[in-house]
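These notes concern the structure reproduced below.
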Amino acid sequence: MTGKQNAPEIRFEGFTDPWEQRKLGEMADRYKELVPTPRNGYVRMGVRSHAKGTFLTEVEPGQQIEEQELSKVKADNLVVNIVFAWEHAVAITSVDDAKALVSHRFPQFSFHDDMEPGFFRYAILDEAFRWHLWLASPSGAGRNKTLNVGTMLEYEFSVPKKAEQAKIAAFFDRLDDLITLHQREPPHTMKEGKNANRYQWRIAFLRLLLAMD
């Protein structure tokens with residue numbers, strides 16, 4: 001961010017409004033739509049560590065979790081695994097995730113109308129946010145360190161107006177598409193670096209765009 005104004009040094013043309021420091025809890029509300037735990041099988045969603053997205057698994061009849069209720073998943077929500085948040089287990093849900101259910105260990109948060117969820121798919125990769133999640137997760141047994149959700153919601157993101165959020169999100173979405181295209185190329189046609197980890201590419205370009213240290 002520049003010293004004279006709260007905005008990145010590199011911006012898309014046409015955007016001049018300053019960015020704001022907004023707490024996560026000021027931009028999103030807790031989402032919970034509880035249903036009885038199915039006994040005839042269902043789709044379960046999990047969250048990968050290191051901000052690498054969500055994954056779905058089929059739960060066979062009789063193998064359901066021992067909780068009376070589960071929550072439906074809604075697309076474009078922020079979701080976190082409270083046991084492994086310290087390991088950056090956080091994501092933005094997709095349309096495909098909306099067919100799944102989650103336990104209380106995966107709280108979801110819906111963004112307000114003036115926010116673009118796609119922007120946060122990349123903003124949550126910020127190393128400062130990962131460190132905040134680590135600090136907000138008191139030590140427990142082994143690798144289980146339960147997140148203090150209230151502390152997580154105190155984290156402040158630098159955010160532009162929604163139109164600029166959408167522009168940034170679209171830029172990174174196109175970048176992801178290019179990475180996917182390159183990864184599908186036959187090995188003998190791939191150039192050096194094209195098989196780089198998607199997460200590393202996102203971090204590199206995010207730092208470039210937002211001029212982060």
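Bear in mind that the values here come from a model prediction, so they are computed numbers and not experimental data.
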*asked:* Minimum heavy-atom separation for A91 and I124, please, with both atom names.
replied: CA-CD1, 3.8 Å

*In terms of hydrophobic clusters joined by side-chain contacts under 4.5 Å, are M152 and W134 together?*
yes

*So, for P160 and F119, which heavy atoms are closest and what is the spacing to 0.1 Å?*
CD-CZ, 3.8 Å

*For the residue pair I92 and Y122, establish whether any side-chain heavy-atom pair is separated by less than 4.5 Å.*
no

*asked:* Would you say CZ of R22 has more than 12 non-hydrogen atoms from neighbouring residues, nucleotides or ligands within 6.0 angstrom?
replied: yes

*In chain order, what residues pass the ring pair (Phe, Tyr, Trp, His ring centres under 6.0 Å) check against F106, with sequence neighbours excluded?*
none

*Short side-chain to backbone donor-acceptor contact, T93 and D76, under 3.5 Å*: yes

*Does F129 have any ring pair (Phe, Tyr, Trp, His ring centres under 6.0 Å) partners at least two apart in sequence or in another chain, and if so, which?*
Y155, F157

_Candidate pair R44 and V102, rule side-chain contact (heavy atoms from CB on, under 4.5 Å), full reasoning_ = CA-CA 6 Å; R44 176 175 57 203; V102 290; 5.9 Å; no

*asked:* I'd like to know if the side chain of H132 reaches the main chain of E156, judged simply by a donor and an acceptor atom lying under 3.5 Å from each other, with no hydrogens or angles considered.
replied: no

_Just verifying a value: how many Å separate K161 NZ and T16 OG1, rounded to the nearest 0.5 Å?_
9.0 Å

*Would you give the length of the straight line joining atom CH2 of W86 to atom NZ of K145, rounded to the nearest 0.5 angstrom?*
5.0 Å

*Closest approach of F84 and S49, non-hydrogen atoms and distance?*
CB-OG, 4.3 Å

*Flag the pair V79 / D97 as yes when at least one side-chain heavy-atom distance between them is below 4.5 Å, and no otherwise.*
no

*Could I get the full list of side chain to side chain contact (heavy atoms under 4.5 Å, CB included) partners for F55, not counting sequence neighbours?*
R48, T57

*Pairs touching residues 25-41 that satisfy side-chain hydrogen bond (donor to acceptor under 3.5 Å, both in side chains), sequence neighbours left out*: D29-H112, Y31-E33

*Is the backbone N or O of E116 less than 3.5 Å from a side-chain atom of Q165, with the two atoms forming a donor-acceptor pair by type?*
yes

*At their closest point, which heavy atom of A98 faces which heavy atom of A75, and how far apart are they?*
CB-N, 4.2 Å

*asked:* Using a 3.5 Å distance criterion without hydrogens, assess whether the side chain of H88 forms a donor-acceptor pair with backbone atoms of K52.
replied: no

*D113 backbone acceptor or donor facing K162 side chain under 3.5 Å*: yes

_Any carboxylate oxygen within less than 4.0 angstrom of a Lys/Arg side-chain nitrogen, looking at E127 and R130?_
yes

_Quick one, L147 and P107 - any side-chain contact, counting heavy atoms below 4.5 Å?_
no

*Atom pair CZ/CG of R121 and D173 - distance to nearest 0.5 Å*: 6.5 Å

_Connected via hydrophobic side-chain network under 4.5 Å: V83 and M45_ = no

_By the side-chain hydrogen bond (donor to acceptor under 3.5 Å, both in side chains) test, which pairs, at least two apart or in different chains, include something from residues 62-73?_
E67-H104

*Under a single-linkage definition using a 4.5 Å side-chain heavy-atom cutoff for Ile, Leu, Val, Met, Phe, Trp and Tyr, are V73 and Y42 assigned to the same hydrophobic cluster?*
no

_Q108: side chain to side chain donor-acceptor pair (under 3.5 Å) partners, not counting sequence neighbours_ = N77

*Are M27 and W19 co-members of a hydrophobic cluster defined by side-chain heavy atoms under 4.5 Å apart?*
yes

*Say you draw a straight line from CG of N81 to OG1 of T146; how long is it, rounded to the nearest 0.5 Å?*
9.5 Å

_Taking ring pair (Phe, Tyr, Trp, His ring centres under 6.0 Å) as the criterion, tell me which of F111, F109, F172 meets it with F120._
F111

*Find out if a path of hydrophobic residues (ILVMFWY) with successive side-chain heavy-atom gaps under 4.5 Å connects V59 to V43.*
no

*Can you measure from CG (N148) to CG (L133) and round to the nearest 0.5 angstrom?*
11.5 Å

